[in-house]
**Student:** 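Have a look at this one.
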Amino acid sequence: MRPSHGSRAYAHARIRACKLRLLTRADAAPLVAASDAAAMQRVIAALGIDDPLQRLLRVYQTAINGYCDGAPLFRAMLQLHEIENVKLLWRAVANGHRDRVARLWIDVLAFASFPIPDAATLNELLRSLAGTPYAEIAKSVARAHGNDVAAAELAFDRWASRRLLDEARRLPRRESIALRLIELVVRERDAQLMLRGAKWYGLASVAPDKTVDITALRRERLRLCRRAFIGSPFLLGPAVAVILLAEEEVRAVRALVERMGNERLDAAMIRTVAASQVGA
């Protein structure tokens with residue numbers, strides 16, 4: 001059933017409010033200027049960005065609560081984070097570094113499909129993932145790659161991209177901007193996988209090109225995020241756009257904090273910030 005205009009208008013208003021809370025270039029200027037840890041902590045506290053991931057999850061919660069028909073797509077977007085936990089567990093089991101799991105775990109709070117398991121072997125890990133969205137892909141990866149961590153990670157990344165793209169392609173034709181935004185996300189992921197040798201494992205997008213300009217993809221995504229707010233407020237495009245902008249804000253903030261006056265990191269920081277409102 002198609003959502004009513006009233007419910008969609010309310011959701012649109014809330015997602016626009018999320019967009020207004022995202023950092024702008026002016027907001028981020030003190031982060032660029034901070035040159036030591038004490039100054040950086042003062043700026044972080046003043047901006048209220050002590051926990052960038054928590055800010056991002058609030059955007060996801062707003063989108064999922066407001067757009068019931070878009071929830072499967074938004075959850076597939078969020079699974080790009082949780083698949084990193086699956087990969088982390090796979091590495092821990094294969095390499096015997098279970099002590100690192102808690103430190104590197106991405107806590108998606110109420111959205112989590114599973115807690116940190118006490119798994120010492122691959123079979124124990126598979127049992128802990130039973131009943132989660134990752135159960136079947138984990139079994140498939142175990143059969144195909146076992147403890148080959150590099151191959152397993154590529155397979156998990158490919159699965160997450162395919163799942164996200166499949167959800168986007170189920171959208172009605174009127175959701176062209178939402179679909180295009182997701183296609184750009186997947187194309188960038190594929191380009192990054194190509195750099196890691198993923199061409200041998202198959203990719204989610206059609207005929208990916210090794211020479212894809214990732215920076216150009218990010219600029220096009222930012223342009224489309226802006227474009228999403230020019231059209232109808234009754235589509236999913238604005239919600240997808242705000243989620244992607246919030247995702248980029250997390251990366252931008254982390255890049256700025258890591259830079260902390262170190263000019264040698266400027267090039268990497270600029271590339272990261274370019275896809276966010278912070279760099280717009």
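Here, residue 1 is the first one in the sequence, and each next residue gets the next number. Quantities reported herein were computed from a predicted structural model and do not represent experimental measurements.
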**Student:** Can you list the steps and then say if Arg219 with Arg223 is a side chain to side chain contact (heavy atoms under 4.5 Å, CB included)?
**Tutor:** CA-CA 6 Å; Arg219 287 174 181 156; Arg223 185 191 70 80; over 6 Å; no

**Student:** If Ile, Leu, Val, Met, Phe, Trp and Tyr residues are connected whenever their side-chain heavy atoms lie under 4.5 Å apart, and connections chain through other members, are Val59 and Phe229 in the same group?
**Tutor:**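 Result: yes, single cluster for both.
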
**Student:** Salt bridge or not between Asp190 and Arg158? Use side-chain N to carboxylate O under 4.0 Å.
**Tutor:**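 No.
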
**Student:** Might you work through the side chain to side chain contact (heavy atoms under 4.5 Å, CB included) test for Leu164 and Leu73, ending with a clear yes or no?
**Tutor:** CA-CA 7 Å; Leu164 176 57; Leu73 175 66; 3.8 Å; yes

**Student:** Considering non-hydrogen atoms only, spot the tightest contact between Cys225 and Leu244 and give its length.
**Tutor:**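 Taking Cys225 first and Leu244 second, the nearest heavy atoms are SG-CB, 4.2 Å.
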
**Student:** Checking the side chain of Glu175 only, and the main-chain atoms of Leu236 only, is there a donor and an acceptor separated by less than 3.5 Å?
**Tutor:**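 Looks like yes, one N/O pair under 3.5 Å.
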
**Student:** What are the two closest heavy atoms between Ile15 and Ala239, and how far apart are they?
**Tutor:**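 Closest pair (atom of Ile15, atom of Ala239, distance): CG1-CA, 3.7 Å.
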
**Student:** Hey, could you give me the OG/CZ distance between Ser161 and Arg187, rounded to the nearest 0.5 Å?
**Tutor:**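 The CZ atom of Arg187 is 13.5 Å from OG of Ser161, to the nearest 0.5 Å.
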
**Student:** For residues Pro72 and Glu167, report the shortest heavy-atom separation together with the two atoms involved.
**Tutor:**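 The pair with the smallest heavy-atom distance is CB-OE1, 3.5 Å.
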
**Student:** Do the side chains of Met77 and Phe111 join up, straight or via other hydrophobic residues, at under 4.5 Å, putting them in one cluster?
**Tutor:**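 Yes, Met77 connects to Phe111 through the hydrophobic network.
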
**Student:** Leu179 versus Arg170: any side-chain heavy-atom pair under 4.5 Å?
**Tutor:**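 No. Closest side-chain heavy atoms not under 4.5 Å.
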
**Student:** Give me each pair satisfying ring-ring contact (aromatic ring centres under 6.0 Å, His included) with a member in residues 62-87, each pair once, sequence neighbours excluded.
**Tutor:**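 Applying ring-ring contact (aromatic ring centres under 6.0 Å, His included) to every pair that reaches into residues 62-87, excluding sequence neighbours, yields nothing.
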
**Student:** Mind checking the CG-CG spacing from Leu222 to Leu184? Nearest 0.5 Å is all I need.
**Tutor:**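 The CG atom of Leu222 sits 11.5 Å away from the CG atom of Leu184.
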
**Student:** Give every residue pair that meets the side-chain hydrogen bond (donor to acceptor under 3.5 Å, both in side chains) criterion with at least one member in residues 228-246, sequence neighbours excluded.
**Tutor:**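 Sorted pair list comes back empty.
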
**Student:** Can you name the nearest heavy-atom pair linking Pro52 to Val253, along with the distance?
**Tutor:**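 Scanning both residues completely, I find the closest heavy atoms to be CG-CG1, 4.0 Å.
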
**Student:** Under a 4.5 Å cut-off applied to non-hydrogen side-chain atoms, are Lys87 and Asp157 in contact?
**Tutor:**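 Yes, their side chains come closer than 4.5 Å.
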
**Student:** Is there a donor-acceptor pair under 3.5 Å between the side chain of Asn95 and the backbone N or O of His97?
**Tutor:**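 Not at all, since once roles are kept as given, no pair shorter than 3.5 Å links the two residues.
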
**Student:** Using modelled atom types only, decide if a donor and an acceptor are shared between the side chain of Glu183 and the backbone of Leu165 within a distance under 3.5 Å.
**Tutor:**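 Pair absent, no side-chain N/O of Glu183 close to backbone of Leu165.
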
**Student:** Rounded to the nearest 0.5 Å, what separates atom CG in Leu56 from atom CG in Leu245?
**Tutor:**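 If I round to the nearest 0.5 Å, the distance is 11.0 Å.
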
**Student:** Quick check for you: to the nearest 0.5 Å, what is the distance between Asn85 atom CG and Ser113 atom OG?
**Tutor:**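 Going from the CG atom of Asn85 to the OG atom of Ser113 covers 9.5 Å.
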
**Student:** Strictly below 4.0 Å, N to O, side chains only: are Arg218 and Glu248 in salt-bridge contact?
**Tutor:**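 Answer for the salt bridge query: no.
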
**Student:** Run Ile106 and Val108 through side chain to side chain contact (heavy atoms under 4.5 Å, CB included) and show every step you take.
**Tutor:** CA-CA 6 Å; Ile106 300 174; Val108 291; 4.2 Å; yes

**Student:** Within the 4.5 Å heavy-atom criterion, are Ile182 and Arg169 side-chain neighbours or not?
**Tutor:**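 No, too far: nothing below the 4.5 Å cut-off.
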
**Student:** With salt bridge (charged side-chain N to carboxylate O under 4.0 Å, His left out) as the rule and sequence neighbours excluded, what pairs involving residues 122-147 come up?
**Tutor:**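 Those involving residues 122-147 are Glu136-Lys139.
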
**Student:** Quick check for you: to the nearest 0.5 Å, what is the distance between Leu53 atom CG and Leu109 atom CG?
**Tutor:**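 If we round to the nearest 0.5 Å, Leu53:CG and Leu109:CG are 7.0 Å apart.
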
**Student:** Going by side-chain contact (heavy atoms from CB on, under 4.5 Å), Pro133 matches just one of Arg75, Glu82, Gln79. Which one?
**Tutor:**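 Exactly one pass, corresponding to Gln79.
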
**Student:** If a pair satisfies side-chain hydrogen bond (donor to acceptor under 3.5 Å, both in side chains) and one of its residues is in residues 44-63, list it, with sequence neighbours excluded.
**Tutor:**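 side-chain hydrogen bond (donor to acceptor under 3.5 Å, both in side chains) check on residues 44-63 returns Arg55-Glu249, Tyr60-Glu247, Gln61-Asn65.
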
**Student:** Provide the closest heavy-atom pair for Arg8 versus Pro233 in the form atom of the first, atom of the second, distance.
**Tutor:**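 Closest heavy-atom pair between Arg8 and Pro233: CG-O, 3.9 Å.
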
**Student:** Can you list everything that forms a side chain to side chain contact (heavy atoms under 4.5 Å, CB included) with Ile177? Sequence neighbours excluded, please.
**Tutor:**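 Partners of Ile177 under the side chain to side chain contact (heavy atoms under 4.5 Å, CB included) test: Leu181, Arg227, Ala228.
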
**Student:** On a heavy-atom basis, which atom in Ala71 and which in Ile64 lie closest, and how many Å separate them?
**Tutor:**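 Shortest heavy-atom contact: CB-CG2, 4.2 Å.
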
**Student:** Taking atom SG of Cys18 and atom CD1 of Ile243, what is their separation to the nearest 0.5 Å?
**Tutor:**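 That separation rounds to 9.0 Å.
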
**Student:** Is there a side-chain contact between Arg221 and Arg180 in this structure, where contact means two heavy atoms from C-beta onward sitting under 4.5 Å apart?
**Tutor:**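 They are not in side-chain contact.
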
**Student:** Mind checking who shares a hydrophobic cluster with Leu125, ILVMFWY linked at side-chain heavy-atom distances under 4.5 Å?
**Tutor:**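 Other cluster members: Ile83, Val86, Leu88, Leu89, Trp90, Val93, Val101, Leu104, Trp105, Phe114, Ile116, Leu122, Leu126, Leu129, Tyr134, Ile137, Val141, Phe156, Trp159.
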
